[in-house]
2 protein chains.
Amino acid sequence: MPKVVDREEMQHGILDAAMQVYVKKGYHAATIADVAEAAGLGKGTLYLYFKNKEAIAISMVERHFKALEERFFGQEMPETLEDFVDGLSQTMNIPDDHAKFVRVFFEVFGPSFASDAFSAKVASFFDRLGDHYTGQIKHLQEVEQIRGDADAKQLGRAIAALTDGMILHKGLFSIPAKRHNGMRNEAIDMLVRGLVSSPK
Amino acid sequence: MPKVVDREEMQHGILDAAMQVYVKKGYHAATIADVAEAAGLGKGTLYLYFKNKEAIAISMVERHFKALEERFFGQEMPETLEDFVDGLSQTMNIPDDHAKFVRVFFEVFGPSFASDAFSAKVASFFDRLGDHYTGQIKHLQEVEQIRGDADAKQLGRAIAALTDGMILHKGLFSIPAKRHNGMRNEAIDMLVRGLVSSPK
DNA sequence: ATCGATTATGACTGGATGGTCAGTCATGTA
DNA sequence: TACATGACTGACCATCCAGTCATAATCGAT
């Protein structure tokens, strides 16, 4: 019987290579030849594993969001405010390779590329992120760790936006770790006070 | 003497047309011919007003950031917490055309396009936004409108990130106005509580 | 060894597009 | 009316690149 390869592994390897190339040159500027070279493969070979250039980008984003999914939603329900804060802090503190990807992601998410379906998928991710925080907040309200008069739904979304803003700033402007930590601590401190303080 | 035109006005018109085209098709996908058609000009004419395709995008972003500059930094120093909140609220509530531009901007800000100089310029804008809030916070601390133990520098940056997150979510996911208002109010309410509450 | 199915390859092609430029047009002056 | 000058144009060109395909290498079963 013939030669046999692990398709999935091959695809992973290609995505890894593509990632490197895209971070450096950008998705639109990078050519298939660039990616093939980085992957140590012939140009034609890529087409055995991906239908076309677009499919590479889509798979890449999907893989990335799967990782984010685990990072963001994998956490268990916080029982205390402190747990909640830890989770937030961890979420905001994205690893460098994720940070590097931010710019590439946005390039791909631009109107030149993103189909409606793709956009909807991404939007839904952030919706779910909001829901995630909403769930946590509701729970914390139930166990009386935070004030009960907050609109959990909206607050969850606002926290998602805050988290996002922090992550994006880090990714887009390669803010030094030290400064980013400072921002993060101050943001979280402010948030915590906002969550516990009694009504005005 | 020959026909005479107002170069600046012409450039503005071209940028307006380009904006429309880019919002719809994206910068990378749009062709010079598209922009020329939208501007009601011949392809060659564009090159009388802009050196090349890149120059159009750069001018466009510069014009946009000039407008942002006024929107963001034009506000006067808040004397009360309420003034501060009003300013913030106004800043977060970007007009629709600015929101539409967000995606285009990010496409252009991707590694395919953005030179180091361009990136630095954008990064500096957001630095200044942080400084802007820092200045306001320091002032509010002086007039004892908010608690004095916050690290104004980091808090300013955090608020810039929060503001950004809210704006980006609105721009990227075309969040309905109603929901966005809800998020905004809740975010600001949380922020205010965080700014006044006594230390833990 | 041999063979055949699968996997790998890179020269090639068709299409697209940024940019040019030789020629035309429009305007105001003499 | 003739002329001078800048504004405008779009056919054309050179380049680039995604995707194809004829050919070759590779492996495993016999």
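Order of the sequence lines fixes the chain letters, A, B, ..., with proteins taken first and strands second; residue numbering starts at 1 for each chain.
Computed from coordinates, the A:D34 CG to D:dC16 C1' distance equals 12 Å when rounded to whole Å. When the P atom of C:dG18 is taken as reference, atom CD1 of B:I56 falls 10 Å away, rounded to whole Å. The interatomic distance linking B:I14 (CD1) with D:dA7 (P) rounds to 12 Å, in whole Å. Protein atom CG of B:D6 is 14 Å distant from nucleotide atom C1' of D:dA7, rounded to whole Å. Between the NZ atom of A:K25 and the P atom of D:dC16 there is a distance of 11 Å, given to the nearest Å. Put simply, CG on B:L41 is 15 Å from P on C:dA26, counting in whole angstrom units. In this structure, the CG atom of A:L46 is 13 Å from the P atom of D:dT20, given to the nearest Å. What separates CD of B:Q11 from P of D:dA7 is a distance of 12 Å, to the nearest Å.
In this structure, B:Q11 contributes its side chain and B:Y49 its backbone to a donor-acceptor pair below 3.5 Å. Checking side-chain atoms of A:E107 against main-chain N and O of A:H28 turns up a donor-acceptor pair under 3.5 Å. Counting only distance, with no hydrogens or angles, the side chain of A:K170 and the backbone of A:I94 share a donor-acceptor pair below 3.5 Å.
Between B:K121 and B:E62 there is a salt bridge, since at least one side-chain N of the basic residue sits less than 4.0 Å from a carboxylate O of the acidic one.
Using a 4.0 Å heavy-atom distance criterion, A:L48 is classed as a base contact. Heavy atoms of A:A29 sit nowhere under 4.0 angstrom from any nucleic acid atom. Counting non-hydrogen atoms under 4.0 angstrom, B:K43 reaches a base of the nucleic acid. Using a 4.0 Å heavy-atom cutoff across all strands shown, A:T45 reaches at least one base atom of the nucleic acid. Using a 4.0 Å heavy-atom cutoff across all strands shown, B:Y49 reaches sugar-phosphate atoms only and no base atom.
In this structure, B:R128 is not positioned above the aromatic face of B:F73 in the sense of NZ or CZ being under 6.0 Å from the six-membered ring centre and within 45° of the axis.
Picking from C:dT17, C:dA8, D:dG19 the nucleotide with the shortest atom distance to the side chain of A:N52 gives D:dG19. Considering only the side chain of A:K53, D:dA18 comes nearest among D:dT9, C:dA8, D:dA18.
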